[in-house]
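The chains referred to below are lettered A, B, ... by the order of the sequence lines, with proteins before strands, and numbering in each begins at 1.
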Amino acid sequence: MNERIPKTYDPASTERKWLSLSSKKKRISRPQGKPFSMTIPPPNITGRLHMGHALNITLQDVVARFRKMEGQDVLWIPGTDHAGIATQNVVERQLSKEGIALRSLTREEFVSRVWEWKDSIKSGILDQITRLGASLSWEHERFTMDAGFSRAVTEVFVRLYREGFLYRGERMIHWCPRCLTALSDVEVSYVEKNGTLYYVRYGESPGRDQGLVVATTRPETIFADQALAVNPEDARYQGWIGRKVFIPLIQREIPVIADSAVDPVFGTGVLKITPSHSMADWEIASRHGLPPFEIIDREGRMNEKAGPLKGLTREDAREKMVEELSARGFMEKEESSPSSLGVCYRCQTVIEPALSLQWFIRMKELAGPAIDAVRNGEIRFFPDGWKNTYYDWLENIRDWCVSRQIWWGHPIPAWHCESCRETVVDLSKPDRCPRCQSEKLLADPDVLDTWFSSALWPFVTLGWPEDTPDLQRFYPTSLLVTGFDILFFWVARMVMMGYHFTGKAPFRDVYIHALVRDQFGQKMTKSKGNVVDPLEIMDRYGTDAFRMTLVHMASPGRDIRLSTERVEGFRNFVSKIWNAFRYVERFAPGETRIPEVDERSLQGPANQWIMASLSKAVADMRRYFALYRFDEAANTLYHFTWHLYCDWFIEASKSVLDRPDDDPEKKETVRVLRFTGSVLLRMAHPVMPFVTGELWEILYSGEAPLEEQTFPDFPESSSKISGAVREFEAMMALVGDVRQMRSQLKITPTLEIQGELAVGHGARERYERHLAFLSRMARISLASLREGDVESRSGIRIPFADGALLLNLDGVVNLVDEEKRLTRELEKLNQKRASILARLKSREFREKAPPDVIEKDERLLEESGEEVQGLDSALAQVRRMIEKEGGH
RNA sequence: AGGCGGAUAGCUCAGUCGGUAGAGCACAGCUCUUACACAGCUGUUGUCGCGGGUUCGAUCCCCGCUCCGCCUACCA
């Protein structure tokens with residue numbers, strides 16, 4: 001029967017079809033439209049699609065499609081990030097599988113291996129992103145290591161250097177002994193560990209006599225101590241300041257100094273100072289002129305200065321020290337204590353603070369405009385609360401270590417003169433040293449932090465440093481959608497770089513979404529084994545259902561707990577839509593156009609009502625999209641589609657569509673069904689592009705493709721309509737009452753009840769048109785419509801504002817049950833009335849509450865009074881019937 | 001230590017610019033009624049975390065507290 005629409009929706013084949021048609025097709029540019037631009041947060045080229053990407057891309061795609069349907073000129077730039085450390089790790093592992101040691105290759109050989117690897121990964125993350133239906137502007141795809149990007153990075157570095165924002169110096173940095181590179185502050189994450197606090201005695205003589213007891217978590221660094229420190233205010237240790245003590249186990253003497261950074265209540269109030277292996281100690285040491293003393297090498301092993309510990313790993317060295325100290329009587333006690341441990345965010349290896357020669361960017365001055373931009377509203381955060389976190393970080397910003405000791409990345413454009421030690425920074429290698437004219441210039445060995453290039457993403461992808469037409473038209477970008485986890489890594493740095501190099505914000509709005517967790521609220525991690533693969537979900541439930549799930553659950557500031565039951569629910573929703581259109585199709589087979597519908601001339605009550613409801617739903621969706629309330633927009637769509645369109649409108653239409661084809665209301669209803677259907681598809685399209693695209697192609701092939709349609713927009717409903725809508729809603733409520741009664745009195749749904757509608761004088765004409773609807777929806781056979789004389793009619797009575805429905809339930813229903821039911825209803829109603837009445841009686845309420853609130857209460861009281869009357873007479877009627885029956 | 005967010009029906013979450021609390025899922029009963037059993041109809045459940053305050057009225061605003069999550073910080 002439904003030749004055009006198959007019985008069930010098959011997401012897999014539909015998606016395959018649409019992806020093969022539309023994937024990576026050219027962007028439709030709309031020169032007359034308002035420009036709207038986004039850049040995706042570039043995923044690592046090593047990455048595989050995970051839930052975070054899926055959420056991120058889906059939300060952007062919803063916005064992109066919505067804006068396109070508003071006629072805007074949408075540019076949404078895809079791309080990937082070269083992910084220095086991660087990529088180097090991947091290729092290194094591959095090499096070692098082939099039995100090739102990294103060091104056996106030259107740097108150039110290694111880098112070309114990485115490029116080979118990059119070209120070889122076919123089903124890369126961007127391909128996986130297309131599975132989501134992402135309507136990206138593919139011809140704008142960029143890579144942070146492509147030629148243009150690399151030139152821009154060099155340009156930025158040189159400019160920053162010349163402006164004095166870049167310097168090279170020896171500082172304490174975070175060192176990853178596995179990745180063998182420096183990391184910036186934000187690349188260290190902290191994990192809570194149950195550590196041990198060791199109380200170690202430092203004697204006044206090399207033996208274990210009188211001395212100071214130090215509480216430390218790192219006994220393996222004891223041989224690198226340069227002092228002990230106490231708080232200058234600490235009464236206990238006043239006499240010790242300026243004296244000397246011996247490092248346990250060896251004969252080295254160190255001073256006792258006073259520094260206010262020492263917390264007197266922690267441990268014993270005595271701190272050992274290890275300048276080379278602790279950030280905090282380094283600061284104290286520099287205040288007191290203590291020299292560095294390194295005993296741990298770059299791979300995390302103890303060096304020759306560590307004496308007996310030489311060659312051991314940090315862990316083994318600690319164990320050995322603890323043994324020795326205990327054996328020789330220097331260990332006072334051990335006490336377990338929680339401590340946070342810094343680990344590499346890429347490989348989880350414990351970070352070693354180390355003194356090292358690195359490149360840094362001075363951040364303070366760059367942070368100023370970035371703070372101002374948010375403060376004065378030039379950049380807006382959604383949700384707004386994130387700006388506090390943002391300010392906090394920028395206001396306390398520290399210099400950014402941007403050099404990395406790896407091979408894959410943007411080389412630092414600096415050369416060091418072998419003769420005079422001069423450093424030259426330039427766009428390309430200079431011929432000779434500008435200071436001593438030597439030609440012996442060595443390229444700086446380091447590469448730049450990947451985030452250095454990512455920070456330039458919004459403007460470099462648009463062509464900077466050239467002043468391209470794209471840059472002029474699409475910069476600043478309109479919206480950035482990202483996760484809060486890279487607020488500092490990426491967002492804040494883009495703002496700083498954006499203002500510094502373009503004088504403008506890189507984006508207007510920042511939408512920050514939450515984390516996708518598992519159904520129990522746990523973070524998805526490989527080690528927990530609770531990772532859900534988005535591709536599998538899409539295979540199983542369809543992409544539209546998956547997208548709808550993510551969008552619906554994207555409430556601001558709240559993590560998403562993804563459960564397959566949820567996705568299943570939305571798969572059902574997609575299926576519901578599909579079936580609704582199969583119904584529509586049945587009554588207008590072969591149609592290809594959208595019919596004209598003039599809301600003001602509509603006659604059918606259901607038609608008037610659905611148009612009004614639709615216009616409200618559309619307005620709500622528009623409002624929610626503007627506020628980035630994706631969850632509410634999805635909710636509106638869901639509710640309208642399922643509960644209004646399917647549950648009421650389609651059902652109501654059945655009472656009209658069984659009439660002869662030339663019935664005017666039938667004709668109107670078919671037109672409205674097809675029209676509202678077309679609107680529904682347009683509304684749903686940004687969230688569910690596949691199923692809507694497919695249905696549109698089948699049902700509205702005479703129109704332009706759905707992607708080129710505009711998002712619906714309706715004028716406010718007229719007041720004439722709103723009166724009709726209220727009346728129809730009263731009829732819906734009446735249907736609800738009958739159904740409720742039927743269910744409570746256990747009347748089987750298949751039984752058609754005989755009945756009649758009795759309405760007040762003059763209301764006959766108005767209610768005549770609702771008879772078919774009431775009949776069908778409440779499953780009653782309405783023999784007649786009576787005007788006036790409502791009270792005297794017999795039968796079970798379901799009251800409503802203008803009259804009552806009278807049902808003949810002789811022999812079907814236990815009248816005593818009905819009496820009980822009515823009594824219960826009446827009780828509930830009276831309870832409600834009592835609270836309103838109490839409020840209205842209160843003098844204070846009458847004096848102080850606003851008039852509209854009082855009015856509303858009065859209206860409520862009056863209406864419920866009518867309801868009580870209706871129920872009362874229904875009850876009286878039932879009682880009379882009981883009596884009569886009893887009399888038989 | 002500081003900051004942020006959360007605490008609402010069995011579960012997951014909306015919401016109320018302060019005026020009788022609402023969805024989905026789950027559960028129960030009934031139903032193959034012109035698309036849909038991936039469905040329809042009906043129903044049940046809430047001291048809106050605890051204690052104060054402001055107010056005619058607080059689940060919503062203010063203060064304090066408890067628990068949970070996250071972020072930041074040089075707790076050795």
Side-chain angles (χ1 to χ4, degrees), chain A residues 2 5 7-9 172 190 197 214-218 229 261-263 265-268 270-274 278-284 337-340 353 383 385-386 388-389 392-393 396 484-485 487-488 514-515 517 519 521 541 545 552-553 555 557-561 563 565-566 568-587 631-632 635 638-639 642-643 646-647 650-651 653-654 657-658 736 739-744 746-750 752 776-777 779 831-833 835-836 839 842-850 852-854 856-857 860:
Chain A
N2 279 313
I5 310 183
K7 188 155 170 56
T8 52
Y9 173 59
M172 285 299 283
Y190 292 88
L197 200 53
V214 169
T216 179
T217 54
R218 295 199 70 185
V262 180
D263 179 358
V265 299
F266 187 93
T268 58
V270 186
L271 173 65
K272 71 187 206 58
I273 304 296
T274 322
S278 152
M279 296 273 175
D281 292 6
W282 172 256
E283 307 250 317
I284 296 173
S337 105
S339 69
S340 74
W386 284 106
N388 296 323
T389 312
D392 190 59
W393 189 69
N396 301 298
F484 63 82
D485 49 333
L487 185 62
F488 309 143
L515 228 61
R517 297 172 175 275
Q519 57 185 314
Y541 299 102
H552 182 262
M553 299 196 69
S555 296
R558 196 137 183 162
D559 285 344
I560 293 179
R561 293 196 188 189
S563 70
E565 285 87 1
R566 256 304 182 199
E568 206 179 311
F570 286 110
R571 184 216 35 203
N572 297 352
F573 178 59
V574 171
S575 177
K576 186 81 181 173
I577 292 178
W578 185 261
N579 285 304
F581 280 90
R582 290 184 70 234
Y583 173 81
V584 174
E585 165 70 358
R586 162 165 282 185
F587 295 97
D631 57 333
E632 292 289 0
N635 205 22
Y638 186 95
H639 181 255
W642 199 309
H643 298 301
C646 293
D647 289 349
I650 285 188
E651 290 308 318
S653 76
K654 290 176 183 173
L657 296 179
D658 56 4
R739 286 171 170 175
Q740 196 177 4
M741 181 213 72
R742 294 184 73 119
S743 169
Q744 283 172 7
K746 306 226 182 307
I747 302 171
T748 177
T750 45
E752 194 173 57
R776 169 150 202 119
M777 300 298 279
R779 210 169 174 77
Q831 247 171 38
K832 209 167 89 180
R833 280 170 60 76
S835 78
I836 301 171
R839 207 166 33 233
S842 147
R843 221 182 70 204
E844 280 181 309
F845 178 73
R846 298 213 83 108
E847 277 167 9
K848 292 179 183 166
D852 60 308
V853 170
I854 299 176
K856 195 180 147 199
D857 266 355
L860 225 57

Separation of [X] atom [atom1] from [N] atom [atom2], in whole Å?
| X | N | atom1 | atom2 | value |
| --- | --- | --- | --- | --- |
| A:Asp263 | B:A1 | CG | P | 12 Å |
| A:Lys856 | B:G19 | NZ | P | 8 Å |
| A:Asn635 | B:C13 | CG | P | 15 Å |
| A:Arg582 | B:U34 | CZ | P | 14 Å |
| A:Arg566 | B:U12 | CZ | C1' | 5 Å |
| A:Leu487 | B:G5 | CG | P | 14 Å |
| A:Phe266 | B:C75 | CZ | P | 10 Å |
| A:Arg742 | B:U31 | CZ | P | 12 Å |

Main chain of A:Gln740, side chain of A:Ser743: is a donor-acceptor contact present, judged purely on distance under 3.5 Å?
no

Taking A:Phe845's backbone N and O only, do any of them form a donor-acceptor pair with A:Arg839's side chain (distance below 3.5 Å, no angle check)?
no

Whole-angstrom distance between [N] and [M], as gauged at atom [atom1]:
| N | M | atom1 | result |
| --- | --- | --- | --- |
| B:C27 | B:C11 | P | 15 Å |
| B:U12 | B:U72 | C1' | 30 Å |
| B:C60 | B:C17 | P | 13 Å |
| B:G19 | B:U55 | C1' | 12 Å |
| B:G5 | B:A21 | C1' | 23 Å |
| B:U33 | B:U42 | C1' | 15 Å |
| B:A7 | B:A14 | C1' | 15 Å |
| B:A23 | B:C71 | C1' | 32 Å |

For A:Lys654 and for A:Tyr638, locate the closest nucleotide of RNA chain B by heavy-atom distance; then report the residue assigned to the nucleotide nearer the 5' terminus.
A:Tyr638

5'-most by nearest nucleotide on RNA chain B - A:Val270 or A:Glu632:
A:Glu632

For a quick test of reading the model: is some side-chain N or O of A:Ser835 closer than 4.0 Å to OP1 or OP2 of B:U20?
no

Under 4.0 angstrom between A:Arg561 side-chain N/O and B:U12 OP1 or OP2
yes

Hey, are the side chains of A:Leu271 and A:Ile284 touching, using non-hydrogen atoms and a 4.5 Å cut-off?
yes

Do A:Phe484 and A:Leu515 make a side-chain contact, defined as non-hydrogen atoms from C-beta onward lying under 4.5 Å apart?
yes

Measure the [atom1]-[atom2] distance between [X] and [Y] for me, rounded to the nearest 0.5 Å.
| X | Y | atom1 | atom2 | result |
| --- | --- | --- | --- | --- |
| A:Arg218 | A:Asp281 | CZ | CG | 10.0 Å |
| A:Trp386 | A:Leu487 | CH2 | CG | 7.0 Å |
| A:Ile577 | A:Asn572 | CD1 | CG | 11.5 Å |
| A:Lys576 | A:Arg571 | NZ | CZ | 14.0 Å |
| A:Leu657 | A:Phe587 | CG | CZ | 4.5 Å |

Any protein N or O atoms within reach of nucleotides 55-63 of chain B? Criterion: under 3.5 Å, listing atom names and distances.
| residue | atom | partner | partner atom | Å |
| --- | --- | --- | --- | --- |
| B:C56 | OP1 | A:Lys848 | NZ | 2.8 |

Dot-bracket summary - RNA chain B, pairs being Watson-Crick or G-U whose distances fall under 3.5 Å, with | when paired to another strand:
(((((((..((((.....[..)))).(((((.......))))).....(((((..]....))))))))))))....

Protein proximity profile, nucleotides 37-44 of chain B - base contact B, sugar-phosphate-only contact S, no contact -, cut-off 4.0 Å on heavy atoms
-BSSSSS-

Once side chain to side chain donor-acceptor pair (under 3.5 Å) is applied, do any residues pair with [X], and if so which ones, sequence neighbours excluded?
| X | value |
| --- | --- |
| A:Glu844 | none |
| A:Arg833 | A:Ser864 |
| A:Lys654 | A:Glu651 |
| A:His643 | A:Asp647 |

Are A:Phe573 and A:Tyr638 close enough that their ring centres sit under 6.0 Å apart?
yes

Can you sort out the partners of A:Tyr190 under ring pair (Phe, Tyr, Trp, His ring centres under 6.0 Å), two or more places apart, ordered by chain and number?
none

List for me each residue that meets side-chain contact (heavy atoms from CB on, under 4.5 Å) alongside A:Asp631, sequence neighbours excluded, and say none if there are none.
A:Ser555, A:Pro556, A:Arg629

Which part of the nucleic acid, if any, lies within reach of [X] when heavy atoms closer than 4.0 Å are counted: base, sugar-phosphate only, or nothing?
| X | result |
| --- | --- |
| A:Ile284 | nothing |
| A:Leu197 | nothing |
| A:Arg218 | nothing |

Using the salt bridge (charged side-chain N to carboxylate O under 4.0 Å, His left out) criterion, which residues pair with A:Arg739? Sequence neighbours excluded.
none

N/O to N/O distances under 3.5 Å, protein versus nucleotides 67-74 of chain B:
| residue | atom | partner | partner atom | Å |
| --- | --- | --- | --- | --- |
| B:A73 | OP1 | A:Arg398 | NH2 | 3.1 |
| B:C74 | OP1 | A:Arg398 | NH1 | 2.9 |

What does the list of N/O pairs under 3.5 Å between the protein and nucleotides 6-8 of chain B look like, with a distance for each?
| residue | atom | partner | partner atom | Å |
| --- | --- | --- | --- | --- |
| B:G6 | O3' | A:Arg558 | NH1 | 3.2 |

Which of parallel (below 30°), tilted (30 to 60°) and perpendicular (above 60°) describes A:Trp393 and A:Phe488?
parallel

